Every structure is written in structure tokens, then in C-alpha cells.
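So that the names make sense, note that chain A is the first sequence line, chain B the second, and so on, each numbered from 1. Heavy-atom basis, side chains included; hydrogens, waters and symmetry copies ignored. Predicted model, so just to flag it, every value in this text is computed and none were measured.
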Amino acid sequence: MLVLSFIREHQDRVIAGLKTRNYPDEELAIVDRIIALDDQRKATQKQLDDLLAEGKQLSKQIGALYKSGQRAEGDQLKAKVAEAKAASGQLQEQLQSVKAELEQTLLALPNVAHPSVPAGNTDEDNEVYQDWTEAFPELPASALPHWELAKKYQIFDLELGTKLTGSGFPLYRGKGAKLQRALINFFLDEAHAAGYEEIIPPHLVNADSARGTGQLPDKEGQMYHVTLDELYLIPTAEVPITNMYRGDILAEGDFPIKLCGYTPCFRREAGSYGAHVRGLNRVHQFDKVEIVQIEHPDRSYDTLQAMLQHVEGLLQKLELPYRILRLCGGDLGHTSALTFDFEVYSLAQKRWLEVSSVSNFETYQSNRMKLRYRGADKKTHLAHTLNGSALALARIMASLLENHQTPEGIRIPAALQAYTRFELLN
RNA sequence: GGAGGAGUGGCAGAGCUGGUUGAAUGCACCGGUCUUGAAAACCGGCGUGCGAGAAAUCGUACCGGGGGUUCGAAUCCCUCCUCCUCCGCCA
């Protein structure tokens, strides 16, 4: 959610940001509508406050009159208060409905795209920011996609997952389960070495948390919803971890707050079927280590760079060829100002797989969750929030299997061997 | 799951037989006096949001959340949430 005063002062930037996101001209009026609603809100608030002040004064007078035994005079004043009360009740309703509409409109307004965000509509328009292809493997013509390798080496079983739960819930077994666990520990240790505190958060969150990071209302249908208890299964550790600071006022010295956490992630992924989602390419439950930072606004873009480097280091140690994309306006998430996606090339599938998304949300999330800090000026300001996958397991597993396959089995990269305790998965 | 108790400012803790209490007091914190410096002592300040104002400041809302009673509620009523104690169940 954008800050109202920012929208008022920088309408041009807000509109430019919408254009980067390919908003049609007729929808740009949303900015004017928001300002009009806010004007209305302010005027109503003023009227209401004045009326309440009047009623409050009268009530005090009545109290004083009663105390001094002038009951009759006090009772006379009651009629006047009743009038003011009726009027204020109406205003209160007005105010509430204006606020509700304003809130709803404001939620519909996406974050202002960073100036570096390229124009474009689809993922085809994303800009290749950087790539690392040293690790491109030479694969024999007989190279198999990961779902075939999984069968060959008993790494994971999708049919069993379907039997137990439904499609898209993989079951890992044997060395596959060990590899999964090794990757999680490797990622956590790397994050720890980079100064991130490890968190094990709850895997279900309440609606306030889901709203804080922007899953509600924007992505309501994408989360699993436990209606009996009004809870949501987390789609990413970003949700509980960032919300740890919801409503807090930090000191400037608290920055940077660096947190990481492993959790399973649950996503309904409604409506996505077909060849491109085979195997582990898109599943309803996958494991991920997430890194989250809460930063001073002056430093958040440096921090974003540092997070990119961290993720790069992981992929290099796993010896996987990757590229970094700067998402274009059309592909940029609603809440993000700037996002870099990491994709790993899978030779066996002959396609890039998204394995990480690193974003700066600036104040968009912190405004929703009222995450502030006290500046040198003693006033409160919104902090910046950032997060990134470091890394998402299912697709890393897929590309690891495919890119490191040999006739003898799957070669485990050196950095990972200390965790798997085996060099070859066969 | 059952019975009882409780949720007040950064913390501790009054108020809870309704009336100028945004809220005593202590601690913490910030500024000042004193001091070579520090401590102590003393003086002053010290919540958040919204609105009005150039500003000083003023208005308004907030004492777990929501609703109600009343001219007026931190104080009374309803409801939900959370915590504590006891009982039950249990990895």
C-alpha cells in the first residue's frame, strides 16, 4: 500500500510507475480518485471531530451541573447532546464508508516501479541483467529430465504423493530425501555465515499477517485457507518472518535486520496444468530457505545488491548455470518496486527454471503492516522490507539432477558433499 | 475440552463503588543545573494514529479486538482473542 502523502506529492511518479506496469490510460484515473476520496475523508474527519468536541464539552458541563446540584439545568443540556450525537453518528458512518472505499482503492494500487524497471508486458520482456554459464554441462543425447531420473534412482515419487494427498505433493525418499535435507542445511549455513539469524516460524498464519505482506487481498485464492480456524498455510516464509515486526517502531541502530528461515511453502497454483509443470517444475508444496531484510530506506538498494550476490554464491557453489533477470513492468509483482529473478538452465528440459526471486518492496509492505523506525529527527518513518529465496528447493533439485547427471549417477557438487555424505546419487 | 483469574503507556504498576484521567507513582530514556569528568541530587521533557495550522499549538480517537448501556466508560454489560492457575487429554 502506498503512502497517501507520497501519492499526493508525487502523482507524476505514481502514474509513471503505473505506465511501466502497462496500465491502460483510462485506469490511471485511480490516482485522482484516491486523492478525491482522501479529500473527502479529511473533510468528514474535521466535521466529525468538531462535533465530537462539542458533545464532549457539553457532557463535562452536565457533569459539573450535577455535582453542584443543578440537576434540572443538566437535564436541559442533554437534549443538545442528543442532537450532536445523532449528527455525529451519521458522520461516523460516512467516515467509515469513505475510509473503506479509500482503503480498497489504495490496495488496488500497486507499488511504484523503480526507475530501472524496463518496460514490457510478459516474461519475454524481462531484461537479462547478468548470467553465469561456466557451469553449462555437456550432456549426452540420452540425458533424462528429472522426473525420469527420479524413477531411475528412487529420488522422489509423485504418484505416491498423489495417493496420499493429491497432485503436486511430492514424496522424497532415500537419497532423494537426504539430498533435500542437505540442500536445506547448506542454504541455512550459508545464510548464517552471511549474518542472517535463523528463524523457525509457524507454518500457518492469521489474516493480519497475510495482509501485512500483501498476500491478502491480492492473492487470496493462492493460499490454502483453513477456514475452521481462519488460518492460512504460508506460501513463503516471507509472511511470518516479515510480520515479526508488524506494528513495531524500531530504532535506527536496529538496522539492518537480517533473518532467514526454512519452511515448506504451500501454494494452490490453481489453473496451472500442462507439460511445463511436469515433475517438480510446479508443485503445491515445496521447501525453501528465505532471506528477509528490514532496512533503512537510504540503504535498501545496496542491500538488494548484497542479497543478489548471496544467491549468486549459492548457485555457483552448486555449479548450476544461471541468469539473473530484471523483471519488466508487466511481470513485476503488485507489492514490489524492483525484482530480480534467478533462473537456472536445465539442459535436459531445454528451458530456464525460476529458482529465486529477490525484491525490494520499499515501504509498500511496511506501510501495510506499520513497520516503522524512529529517525534522527525523532519522528517515525516507514522502514524498507526486502526478501529473496535462497533458495527454493524443488526446482533446484530438478536442475541439480538434470545438470549433474552422469552415466553412473547424479554427481553431488563438492560444496554439498559435506551435507549429503555421499558423492554420487545412484 | 471443563472451572477460575487476568489483559492499562518501553517496563513495572495504580485507577476499575462511571464525570476535566491519555491516564498516579516508580524504573528506563532524552535535555538541563551541579561536577575537571562521571555518579548522586535537583529541574524539565518523554505514547501512537488522524485532522486543522507556516509554526507554536489545538481538536479527535485509542487503557487486548469488536459491539452495547449512558449526557459521559479504562471503569458497567455482551462477544471474541490472548495469557496465567487447577482439572482432563496428549506428542
Side-chain angles (χ1 to χ4, degrees), chain A residues 1-9 34-107 200-212 216 226-232 240 243-255 257 363-383:
Chain A
M1 201 156 68
L2 289 176
V3 180
L4 267 164
S5 58
F6 178 86
I7 299 174
R8 284 181 171 279
E9 284 163 37
I34 285 172
I35 291 175
L37 281 168
D38 192 40
D39 285 340
Q40 206 182 330
R41 184 195 116 252
K42 285 182 176 186
T44 313
Q45 168 104 49
K46 175 82 179 118
Q47 279 183 57
L48 177 63
D49 281 358
D50 289 348
L51 212 53
L52 286 173
E54 191 189 324
K56 219 168 145 176
Q57 270 316 111
L58 287 170
S59 286
K60 279 181 186 173
Q61 286 176 33
I62 294 172
L65 288 169
Y66 274 26
K67 253 186 187 169
S68 60
Q70 297 166 274
R71 265 207 110 72
E73 287 84 342
D75 288 338
Q76 272 176 13
L77 281 183
K78 280 193 190 180
K80 278 180 82 176
V81 178
E83 269 175 52
K85 205 186 169 185
S88 74
Q90 243 180 0
L91 277 173
Q92 211 125 31
E93 272 172 40
Q94 257 181 54
L95 184 63
Q96 222 160 29
S97 82
V98 173
K99 271 180 151 174
E101 197 183 340
L102 179 61
E103 164 102 357
Q104 219 170 14
T105 317
L106 220 40
L107 284 171
I200 300 183
H203 297 172
L204 283 85
V205 293
N206 58 30
D208 283 341
S209 295
R211 201 172 299 114
L216 287 180
V226 183
T227 51
L228 195 58
D229 297 291
E230 208 37 54
L231 296 172
Y232 297 86
N243 272 284
M244 285 164 63
Y245 292 90
R246 165 155 48 86
D248 283 5
I249 299 176
L250 303 164
E252 251 180 308
D254 293 337
F255 295 125
I257 292 175
T363 60
Y364 198 87
Q365 289 184 328
S366 59
N367 187 39
R368 274 203 194 182
M369 66 174 90
K370 299 292 171 253
L371 197 186
R372 292 158 293 172
Y373 68 95
R374 198 170 296 285
D377 57 1
K378 306 271 186 200
K379 290 184 182 160
T380 58
H381 305 275
L382 293 168

Undergrad: Side chain of A:Lys46, heavy atoms from C-beta onward: which of B:G19, B:G49, B:A52 has the nearest atom to it?
TA: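 Given the options B:G19, B:G49, B:A52, the side chain of A:Lys46 is closest to B:A52.
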Undergrad: Compare all side-chain heavy atoms of A:Arg41 with those of A:Leu95 and state whether any distance is below 4.5 angstrom.
TA: yes
Undergrad: With P as the reference atom in both, quote the distance from B:C77 to B:G19 in angstrom, rounded to an integer.
TA: 16 Å
Undergrad: If the P atom of B:A23 is compared with that of B:U57, how far apart are they to the nearest Å?
TA: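 One P to the other, the span is 16 Å.
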Undergrad: What's the closest nucleotide to the A:Arg41 side chain, out of B:U48, B:C71, B:G51?
TA: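 Of all the options, the side chain of A:Arg41 is nearest to B:G51.
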Undergrad: Would you mind reporting whether A:Leu102 and A:Leu4 have side-chain heavy atoms less than 4.5 Å apart?
TA: yes
Undergrad: Considering only atom P, compute the distance from B:A40 to B:G26 and round it to an integer number of Å.
TA: 16 Å
Undergrad: Is it true that A:Arg8 and A:Asp39 have a side-chain N and a carboxylate O under 4.0 angstrom from each other?
TA: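 Yes, charged N to carboxylate O under 4.0 Å.
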Undergrad: Do the side-chain N or O atoms of A:Arg374 get closer than 4.0 angstrom to the phosphate oxygens (OP1, OP2) of B:U48?
TA: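 Yes, within the criterion.
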Undergrad: Which of the following nucleotides, B:G51, B:U60, B:U48, is nearest to the side chain of A:Gln45?
TA: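 My answer, after comparing the listed nucleotides, is B:G51.
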Undergrad: Quick one: A:Lys80 NZ to B:C71 C1', roughly how many Å, whole number?
TA: 13 Å
Undergrad: Determine the interatomic distance between C1' on B:G9 and the same-named atom on B:G47; round to the nearest Å.
TA: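 Roughly 6 Å separates the two C1' atoms.
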Undergrad: Starting from C1' on B:A52, measure out to CG on A:Leu51 and report it in whole angstrom.
TA: 16 Å
Undergrad: In whole Å, what separates the P atom of B:U48 from that of B:A24?
TA: 16 Å
Undergrad: From C-beta outward on A:Leu52, which listed nucleotide comes closest to its side chain: B:G19, B:A61, B:G51?
TA: B:A61
Undergrad: Using atom types as modelled and distance alone, determine if a side-chain donor or acceptor of A:Asp377 lies under 3.5 Å from a backbone N or O of A:Lys379.
TA: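 Answer holds: yes.
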Undergrad: Please examine the side chains of A:Gln365 and A:Leu371, heavy atoms only from C-beta on, and report whether any two atoms are closer than 4.5 Å.
TA: no
Undergrad: In this structure, how many angstroms lie between the P atom of B:G19 and the OH atom of A:Tyr66, rounded?
TA: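 Taking atom P of B:G19 as the reference, OH of A:Tyr66 is at 15 Å.
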Undergrad: Taking for each residue the nucleotide of RNA chain B with the nearest heavy atom, is it A:Leu48 or A:Gly63 whose nucleotide lies nearer the 5' end?
TA: A:Gly63
Undergrad: How does RNA chain B look in dot-bracket form if you count Watson-Crick and G-U pairs under 3.5 Å, write [ ] for pairs that cross, and put | where a base pairs with another strand?
TA: ((((((((.[[[..)...(.....]]].(((((.......))))).((((((....)))))).[[[[[..)....]]]]])))))))....
Undergrad: A:Lys85 has a side chain; which of B:G51, B:G72, B:U60 sits nearest to it?
TA: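 The answer is B:G72.
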Undergrad: Starting at CD of A:Gln57 and ending at P of B:U20, how long is that distance when rounded to a whole Å?
TA: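 Answer to the nearest Å: 13 Å.
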Undergrad: With a 3.5 Å distance limit and no angle check, can you tell me whether A:Ser366 reaches the backbone of A:Leu382 through a side-chain donor-acceptor pair?
TA: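 Such a contact is absent between A:Ser366 side chain and A:Leu382 backbone.
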Undergrad: Whole Å only: how far is the CD atom of A:Gln61 from the C1' atom of B:U20?
TA: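 Interatomic distance, CD of A:Gln61 to C1' of B:U20: 12 Å.
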Undergrad: Between B:G59, B:G19, B:C30, which nucleotide gets closest to the side-chain atoms of A:Lys378?
TA: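 The listed nucleotide nearest to A:Lys378's side chain is B:C30.
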Undergrad: A:Lys56 side chain: which of B:A61, B:G59, B:G51 is closest?
TA: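 Side chain of A:Lys56 sits closest to B:A61.
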Undergrad: Please tell me if A:Arg372 has a side-chain N or O lying less than 4.0 Å from either OP1 or OP2 of B:U48.
TA: no
Undergrad: Under a 4.5 Å cut-off applied to non-hydrogen side-chain atoms, are A:Asp254 and A:Tyr373 in contact?
TA: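 The answer is no; the side chains never approach within 4.5 Å.
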Undergrad: Using the P atoms only, state how far B:A52 lies from B:G66, rounded to an integer number of Å.
TA: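 Straight-line distance between the two P atoms is 24 Å.
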Undergrad: Just the rounded figure in Å: distance from P of B:U20 to CG of A:Leu58.
TA: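 One finds 16 Å between P of B:U20 and CG of A:Leu58, rounded.
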Undergrad: Quick check: on RNA chain B, is the nucleotide nearest A:Ile62 upstream (toward 5') of the one nearest A:Gln96, or the reverse? Name the residue that is more 5'.
TA: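 The answer here is A:Gln96.
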Undergrad: Could you check which of B:C71, B:U20, B:G59 has an atom nearest any side-chain atom of A:Asp49?
TA: B:G59
Undergrad: A:Leu65 CG to B:C71 P: how many Å, rounded?
TA: 15 Å
Undergrad: Using the side-chain heavy atoms of A:Ser59, tell me which of these nucleotides is nearest: B:C30, B:C50, B:G19.
TA: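 Output: B:G19.
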Undergrad: Pick the C1' atom in B:G88 and in B:G2, then give their distance to the nearest Å.
TA: 8 Å
Undergrad: Whole-Å distance between B:G49 C1' and A:Leu4 CG?
TA: 13 Å
Undergrad: State, with a plain yes or no, whether a side-chain heavy atom of A:Arg368 is found less than 4.5 Å away from one of A:Leu107.
TA: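 The answer is yes, as the side chains (C-beta and beyond) meet within the 4.5 Å cut-off.
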Undergrad: Quote, to the nearest angstrom, the C1' distance that separates B:U17 from B:A28.
TA: 35 Å
Undergrad: Check whether A:Glu230 reaches the backbone of A:Ala207 with its side chain - one donor and one acceptor, N or O, closer than 3.5 Å.
TA: no
